[in-house]
Structures are given as structure tokens and as C-alpha cells.
Amino acid sequence: RRNRAMLTAIPLHTRVHLKFLARNRVFHALVLLIVLGTATGMVPGLVFFDPSSRFMTLRALAQQLHGAVAILTAGVGLLILWSHRSSRSIKLVSTTPAPFPAWVASVFATAALSGAAAQAVIAALVAVLSVYWNVPYQLGFLYLALDRFADSMIMLAFLTPLGAWMHPLLAVVMLLFFTSLGSVRSMLEGADPGLFMTAMKAAASALYYLVPTFDPFAGRTLVLRRSMRVSIVDWRYLGITFSYAVLSLSFGYVATIAVLRRRPMI
């Protein structure tokens, strides 16, 4: 019975969250920024007649749009939690007869559905522009859409429990800090040896390996990102990335439930 209640409640809550996104002005403003960025990015392709120049323009446009949508998708959970926290309705949701884990699952499902739809629209737009600009379409453009979607799920799994625990702005700051750990770690490697710097290196390395990796194989797909040509190994990397995303979502789901049950009014 509990499983039936979960399966019934998740679609209901997800539809409510999707309607919330359709009516939210903050979400509309962010989408509008992406649309304006798309229009601006298409201008060079209309000016340049060289196919190689148009390929580079299309590649840069695809990378920027898929990356922007990935960040927006990861923030959907924060937006939903923030709206409920501002209206202090999370405690009310947690006391309804419907299973509370189903409501939390619907938050992740809403982000996943909206993110997948947005990435699909961008992938279709890139394919249309490829034909219109007479640029050979490479499977790397499709790979980029799938990879960025998986990356957004990893970020969603990290941001949502943080947003349940602290203010959404602080959660975003934490995300920016953790994404910069790789650069900080590289900078500390070249610093002068000393007791303080050794401690800093150890702390940075510990955090680097403890914090989730949001783009696990970025360093191994550099050739793909330049040429947009996909090899068999790249598809394996993508499969591992999706497996890592599923594992991260499972952890984020459980962590979000635990935090919200302990602090339902925050």
C-alpha cells in the first residue's frame, strides 16, 4: 500500500511543481536570459560564411546553452524549496496523509523532467542550425546534451539537500566554492613549502576528494569538445557519468528527506 501511495503521489506533486515553474516569474526571467543569449549567439553564424567559422560558433553556442540550462536545472530544487520555505508550508506538506518521501521525490522529478525537456529543445535547435548553416552534424552535439544533463543531476543532488539545510544563496555560494577546489588545489601545489601551506594543501585535497565531482570526465573528453567527434570510450565515460549521477541523486534524496524532517520550518 505504501508503494502504491508513493507511485500515486509522485506524479500529482510533480504536476503541481511543474505548474509552479510555469507561473514563477523568477524562473521566467532566467529562461528569458537564456533565450536572449541564444539570439545573441546566433548572430556570428549569420555573418560568417566560412563553414569552419560557423562550426566553431555552433560549438560555442551549444556549450554555452547546455551549460546554462544545466545550472538552471540544478537550481529548480532550490527554487521549489525556497517557495515552500517562504510560505512556511513544508511542515504542512510533511503532515499530510500522502507520503512525505513522495513529495521530496517529486522535487527531483520536476527538475529532471524540466531539465531533460530543455536540453532536448537545445539539442534540436543545434541540429536545425547545423542544417541551416550547412555545418556537418557531429554526434558530439548530442553527447554534450546528455553529458550536461547528467552533470545537472549531480549538481541537483548536491544543491537540494544544501538548500533544505541553509538559505539558497548560501547553498549556491557553497557550490561555487566546491567547484573551485580543483583550481585552488592546483595553485597550492605550486606554493612554497611550509607548515601552514602543507595544512592548506591537505585540507584542500581532503575536500576535493570528499565533494561530488560535477563533471567527472572533463579532462578526458577535451578532444571531443574540440572536434565534436565521439569515440567508443567517450560513450563509456557517459555511461559512468550517468551511473554516478544516479548514485548522487539517491544520496541527495535521502539527505533532503533527513534534513527536512529535522528542520521542516526552515
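Keep in mind that the numbers below use all heavy atoms, side chains included, and drop hydrogens, waters and symmetry copies. If you're wondering where the values come from, they're calculated on a predicted model, not measured in any experiment.
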Please report the interatomic distance [atom1]([X]) to [atom2]([Y]), rounded to the nearest 0.5 Å.
X      : Y      : atom1 : atom2 : value
His167 : Leu78  : NE2   : CG    : 10.5 Å
Leu249 : Tyr244 : CG    : OH    : 11.0 Å
Gln119 : Leu142 : CD    : CG    : 11.0 Å
Thr73  : Met153 : OG1   : CE    : 6.0 Å

Minimum-distance pair of heavy atoms, taken over all atoms of [X] and [Y]:
X      : Y      : value
Thr160 : Gly77  : OG1-CA, 4.1 Å
Leu162 : Ala171 : CB-CB, 3.9 Å
Ser106 : His13  : OG-CB, 3.1 Å
Ala70  : Ser152 : O-CB, 3.3 Å
Ser248 : Ala157 : O-CB, 3.1 Å
Ala164 : Thr256 : CB-CG2, 4.3 Å

Between [Y] and [X], is there a side-chain heavy-atom distance shorter than 4.5 Å?
X      : Y      : result
Leu129 : Trp133 : yes
Leu58  : Phe55  : no
Val16  : Phe20  : no
Asp151 : Asp147 : yes
Ile240 : Pro216 : no
Phe27  : Leu72  : yes
Leu260 : Pro161 : no
Leu144 : Arg148 : yes

Test item: [X] side-chain N/O and [Y] main-chain N/O as donor-acceptor pair under 3.5 Å:
X      : Y      : result
Arg229 : Leu139 : no
Ser130 : Val126 : no
Ser83  : Ile80  : yes
Tyr253 : Pro101 : yes

(message) Taking the ring centre of each residue, are Tyr143 and Trp235 less than 6.0 Å apart?
(response)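 Ring centres of Trp235 and Tyr143 closer than 6.0 Å.
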(request) Show your working on side chain to side chain contact (heavy atoms under 4.5 Å, CB included) between Val69 and Leu65 and close with a plain yes or no. (result) CA-CA 6 Å; Val69 167; Leu65 290 179; 5.5 Å; no
Linking I/L/V/M/F/W/Y whenever any side-chain heavy atoms sit under 4.5 Å apart, do [X] and [Y] land together?
X      : Y      : value
Val173 : Leu169 : no
Val121 : Leu146 : no
Val128 : Val135 : no
Phe217 : Leu247 : no
Leu21  : Leu12  : no

(request) Sequence neighbours left out, what pairs pass salt bridge (Lys or Arg N to Asp or Glu O under 4.0 Å) with at least one residue falling in residues 11-23? (result)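 Pairs touching residues 11-23 that pass the test: none.
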(request) Apply the test side chain to side chain contact (heavy atoms under 4.5 Å, CB included) to residues Val76 and Ser114: give CA-CA distance (whole Å), side-chain angles for both, the deciding distance (0.1 Å), then the verdict. (result) CA-CA 9 Å; Val76 167; Ser114 57; 4.1 Å; yes
(request) Give the intermediate values and the outcome of side chain to side chain contact (heavy atoms under 4.5 Å, CB included) for residues Val107 and Trp103. (result) CA-CA 7 Å; Val107 174; Trp103 182 86; 4.2 Å; yes
(request) Would you please classify the geometry between the Phe149 ring and the Phe242 ring as parallel, tilted or perpendicular, with 30° and 60° separating the classes? (result)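 Aromatic pair Phe242/Phe149 classed tilted.
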(request) Go through the steps to decide whether Arg59 and Gln138 satisfy the test side chain to side chain contact (heavy atoms under 4.5 Å, CB included), and finish with yes or no. (result) CA-CA 10 Å; Arg59 181 185 63 188; Gln138 301 291 342; over 6 Å; no
(message) Taking the basic N atoms (NZ, or NE/NH1/NH2) and the acidic carboxylate oxygens, is any pair closer than 4.0 Å for Arg225 and Asp215?
(response)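 Answer for the salt bridge query: yes.
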